Amino acid sequence: MLILSVKGLSNDYNTMKSSLERKNNGQEVELANLRTPGRLVRLLTVIMTVAVLWAVTHLIFGNKASGVSLYQVYFQPFTNVLKTGDGYDYQKYRHAMDLYESGNYKAAMIKFEEAVIDDPGNTTWQFYYAICQLASGNTEFAIADFQEVMQLNDPAFSAPSAWYLGLAYVKAGQKAKAQKLFKAIVSSDLPYKNKAAEILKKL
């Protein structure tokens with residue numbers, strides 16, 4: 001009788017153990033099923049976040065990059081109109097013009113800055129100084145410099161200053177200002193009207 005009782009208890013224990021194991025396995029499956037959607041939601045959240053960040057970055061920096069690219073297509077340094085001159089000013093700052101013509105704009109900018117300080121009323125030095133600022137990446141300074149040269153109404157540099165000011169606006173991403181200025185150039189008899197019309201179509 002005692003042996004049967006022990007066997008019976010053993011069978012009952014095994015039955016309960018199997019039942020508990022099945023129950024636990026079911027709970028684990030249910031928990032796994034509950035965890036899977038959570039992981040999926042987190043994964044989708046990460047994907048959506050990355051997508052939004054990419055879109056915002058593209059909108060912010062993509063337009064700026066296109067402006068810089070457009071500027072690079074149209075920017076050409078202004079000709080050295082003093083290269084045949086033999087006046088005092090040219091001889092004094094000939095090294096600045098040599099640096100300018102060689103494309104060493106940062107070094108030329110320093111020399112032209114000295115010239116502007118030495119002769120603040122000289123539109124020539126202010127204009128070439130502004131060109132060097134623009135070519136050296138100091139776009140905001142170049143904008144201010146070209147605006148100042150335009151206000152001086154020098155026949156030799158007013159029109160070129162308007163053109164380069166427009167390019168500076170394009171480079172700085174100031175599309176509305178660039179469009180307004182280029183439209184003014186197109187409606188005038190300035191020598192840059194054809195190029196202004198071209199660039200307007202691309203803005």
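Just the heavy atoms: all of them, side chains too, but no hydrogens, waters or symmetry mates, feed the values below. The first residue of the sequence shown is numbered 1, and numbering continues consecutively from there. In this text, all values refer to a predicted model and were calculated from it rather than measured experimentally.
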Inset, instruction - On the 0 to 90° scale, with breaks at 30° and 60°, tag the Tyr74-Trp163 ring pair as parallel, tilted or perpendicular. - result: perpendicular
Legend entry - Inter-residue atom distance Asn104.CG - Asp98.CG, 0.5 Å rounding: 11.0 Å
Inset, instruction - Mind checking the NZ-CD spacing from Lys195 to Gln76? Nearest 0.5 Å is all I need. - result: 6.5 Å
Legend entry - Whether Lys193 side chain and Ser188 backbone form a donor-acceptor pair below 3.5 Å: yes
Inset, instruction - Identify the two heavy atoms, one from Pro191 and one from Ala159, that lie closest to each other, and give their separation to 0.1 Å. - result: CD-CB, 4.1 Å
Inset, instruction - Go through Met109 and Phe141 one step at a time and tell me if the side chain to side chain contact (heavy atoms under 4.5 Å, CB included) criterion holds. - result: CA-CA 12 Å; Met109 182 174 65; Phe141 287 106; over 6 Å; no
Inset, instruction - Mind checking the CD-CD spacing from Gln133 to Glu113? Nearest 0.5 Å is all I need. - result: 7.5 Å
Legend entry - Ile110-Leu134 co-clustered via ILVMFWY side chain contacts under 4.5 Å: no
Legend entry - Leu165 CG to Gln174 CD distance, which is reported to the nearest 0.5 Å: 9.0 Å
Inset, instruction - Find out if a path of hydrophobic residues (ILVMFWY) with successive side-chain heavy-atom gaps under 4.5 Å connects Phe146 to Tyr105. - result: yes
Inset, instruction - Determine whether Ile143 and Ile185 fall in the same hydrophobic cluster, where Ile, Leu, Val, Met, Phe, Trp and Tyr are linked whenever their side-chain heavy atoms lie under 4.5 Å apart. - result: yes
Inset, instruction - Answer yes if Leu152 and Leu181 sit in the same cluster of Ile, Leu, Val, Met, Phe, Trp and Tyr residues linked by side chain heavy atoms under 4.5 Å apart, and no otherwise. - result: no
Inset, instruction - Please answer whether the main-chain N or O of Ala184 pairs with a side-chain N or O of Ser187 as donor and acceptor at a distance below 3.5 Å. - result: yes
Legend entry - Tyr100: which of Tyr129, Tyr93, Phe78 passes side-chain contact (heavy atoms from CB on, under 4.5 Å): Phe78
Inset, instruction - Step by step, work out the side chain to side chain contact (heavy atoms under 4.5 Å, CB included) result for Met97 and Phe112. - result: CA-CA 9 Å; Met97 296 307 299; Phe112 283 130; 3.2 Å; yes
Inset, instruction - Scan Tyr169, Phe75, Phe157 and name whichever one has a side-chain contact (heavy atoms from CB on, under 4.5 Å) with Tyr164. - result: Phe75
Inset, instruction - Taking all non-hydrogen atoms of both residues into account, name the closest pair between Met150 and Ser158 and its distance. - result: CG-O, 4.0 Å
Legend entry - Taking every non-hydrogen atom, the tightest pair across Pro160 and Tyr192: CA-CE1, 3.6 Å
Inset, instruction - Assess whether side chain to side chain contact (heavy atoms under 4.5 Å, CB included) is satisfied between Asp118 and Trp125, documenting all intermediate values. - result: CA-CA 10 Å; Asp118 189 39; Trp125 304 135; over 6 Å; no
Legend entry - Heavy-atom closest contact (Ala172 atom, Thr139 atom, distance): CB-CG2, 3.9 Å
Legend entry - Distance in Å, Asp119 CG paired with Thr123 OG1, rounded so as to fall on 0.5 Å steps: 9.0 Å
Inset, instruction - Please report the shortest heavy-atom distance between Ala197 and Val186, naming the atom on each side. - result: N-CG2, 3.5 Å
Inset, instruction - Determine whether Val149 and Asp154 make a side-chain contact, defined as any pair of heavy atoms from C-beta on separated by less than 4.5 Å. - result: no
Legend entry - Nearest-0.5 Å distance, CD of residue Glu101 to CG of residue Asn80: 4.0 Å
Inset, instruction - For Val170 and Ala178, work out which heavy atoms get closest and say how close. - result: CG2-CB, 3.7 Å
Legend entry - Intermediate values then yes/no, side chain to side chain contact (heavy atoms under 4.5 Å, CB included), Ile199 and Leu167: CA-CA 9 Å; Ile199 201 169; Leu167 288 181; 3.8 Å; yes
Legend entry - Donor-acceptor contact below 3.5 Å, side chain Gln126 vs main chain Pro120: yes
